[in-house]
Amino acid sequence: MSDEVNFRLAEPADAQAILELLVRLQRESDTFLVDSDLSEITAEMEADQIRLINQSHTNLMAIA
């Protein structure tokens with residue numbers, strides 16, 4: 001197993017995996033909260049949000 005972790009900017013193609021991770025984290029932990037009802041967010045909606053974040057000069061979404 002490698003100790004190396006790679007970080008990169010999220011891409012719209014990551015949207016479904018990000019949503020699945022958020023649902024899992026919310027289900028597995030009572031200390032992880034998401035403002036939105038994740039069942040109402042589609043992968044397309046999340047991809048649009050990632051596009052907007054990537055166009056921002058003050059925000060970023062990184063994944064490991």
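Note that the numbering runs from 1 along the sequence shown for the chain.
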Identify the heavy atoms of Ala10 and Asn54 that sit nearest to each other, and give their distance. O-ND2, 3.0 Å

Can you confirm whether Ile18 sits close enough to Ile50 that some side-chain heavy atom of one is under 4.5 Å from a side-chain heavy atom of the other? yes

Here the pair of heavy atoms bringing Ala43 nearest to Ala15 is O-CB, 3.3 Å

Do Ile63 and Leu21 land in one hydrophobic cluster if side-chain heavy atoms of ILVMFWY residues count as linked below 4.5 Å? yes

By side-chain contact (heavy atoms from CB on, under 4.5 Å) - contacts of Asp37 (at least two apart): Ser39, Glu40

When every non-hydrogen atom of Leu38 is compared with those of Gln26, the smallest separation belongs to CD1-OE1, 3.4 Å

Residue list, side-chain contact (heavy atoms from CB on, under 4.5 Å) with Ala64, at least two apart or on another chain: Val5, Phe7

Rounded to the nearest 0.5 angstrom, the CG-CZ distance for Leu22 and Arg27 is 11.5 Å

Please say yes or no: joined through hydrophobic side-chain contacts below 4.5 Å, possibly via intermediate residues, are Leu52 and Met45 part of one cluster? no

Nearest 0.5 Å, what's the OG1-CD1 distance between Thr58 and Ile53? 10.0 Å

Report the distance from atom CD of Glu46 to atom CE of Met61, rounding to the nearest 0.5 Å. 5.0 Å

So, using side-chain contact (heavy atoms from CB on, under 4.5 Å) as the criterion, who are the partners of Glu11 when residues are at least two apart? Arg8, Asp14

Min side-chain heavy-atom separation Glu20-Val23 under 4.5 Å: no

